[in-house]
Amino acid sequence: SAVISQKPSRDICQRGTSLTIQCQVDSQVTMMFWYRQQPGQSLTLIATANQGSEATYESGFVIDKFPISRPNLTFSTLTVSNMSPEDSSIYLCSVEPGLHTDTQYFGPGTRLTVL
Amino acid sequence: KQEVTQIPAALSVPEGENLVLNCSFTDSAIYNLQWFRQDPGKGLTSLLLIQSSQREQTSGRLNASLDKSSGRSTLYIAASQPGDSATYLCAVSNSGATNKLIFGTGTLLAVQP
């Protein structure tokens, strides 16, 4: 398994500003994922972050809006840029440790409210 | 395009009842299916993972079944307890993108003491 922490747990931000969310894992993992859960909606994958390469974004998500860093095998950040109220969501990171399991483990999430 | 649907959207049962949550998906070419529970402020917890070649998985009071050809999965919870109250999500990954999870919208379960 993997234990994942996220910072901040929640934040309230003003329109037009940016917020960087941190994701820390207690073990080295190759693949990390960032998801968004808008109010009343299901989780949607934003991007896959592999160490040493640029993140791969899903349709509808772009690097300028959601830049991602992956400096090592235990850490990643997601920035929500130039925020609008439509960005109010829960943002979650997850990892797939591999090693005989396909199970993904999720962090507790960051609840973002944009005014 | 894979779509995942969960029924019902919400369910309230008295403690001790057995219950079934349903998940359906439109594309049967899946790699695996996972059931998660989501608690407020605690993210998602993986409950069961069923590979596409498997029919069911069991963990304690939970049993998940998979009928890939019909695009359906069920999560059976036996002898429900108030601590089971949470949102239950199913997610599939497709054969062509095994790491990408496609989630349903969830079933909000309330178990009344």
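- In summary, B:Lys1 and B:Asp27 do not engage in a salt bridge, as defined by a charged side-chain N under 4.0 Å from a carboxylate O.
- Two residues are said to be in side-chain contact when any heavy atoms from C-beta on lie closer than 4.5 Å; A:Phe66 and A:Tyr91 meet this criterion.
- No side-chain heavy atom of A:Ile46 sits under 4.5 Å from any side-chain heavy atom of A:Tyr35.
- For B:Glu17, the CD atom is densely surrounded, since the number of other residues' heavy atoms within 6.0 Å is greater than 12.
- Proximity to chain A (any heavy atom under 4.5 Å) is shown, for B:Ile102, by neither the backbone nor the side chain.
- Contact annotation for B:Leu89: only side-chain heavy atoms (C-beta onward) come within less than 4.5 Å of a heavy atom of chain A.
- No other option in A:Met31, A:Arg10, A:Gln6 has as many heavy-atom pairs under 4.5 Å with chain B as A:Met31.
- Residue contact with chain A, scored on non-hydrogen atoms closer than 4.5 Å, is absent for B:Gln6.
- Under the 30°/60° scheme for interplanar angles, the aromatic rings of B:Phe36 and B:Phe103 are found to be tilted.
- A:Leu43 touches chain B through backbone and side chain together, each having a heavy atom under 4.5 Å away.
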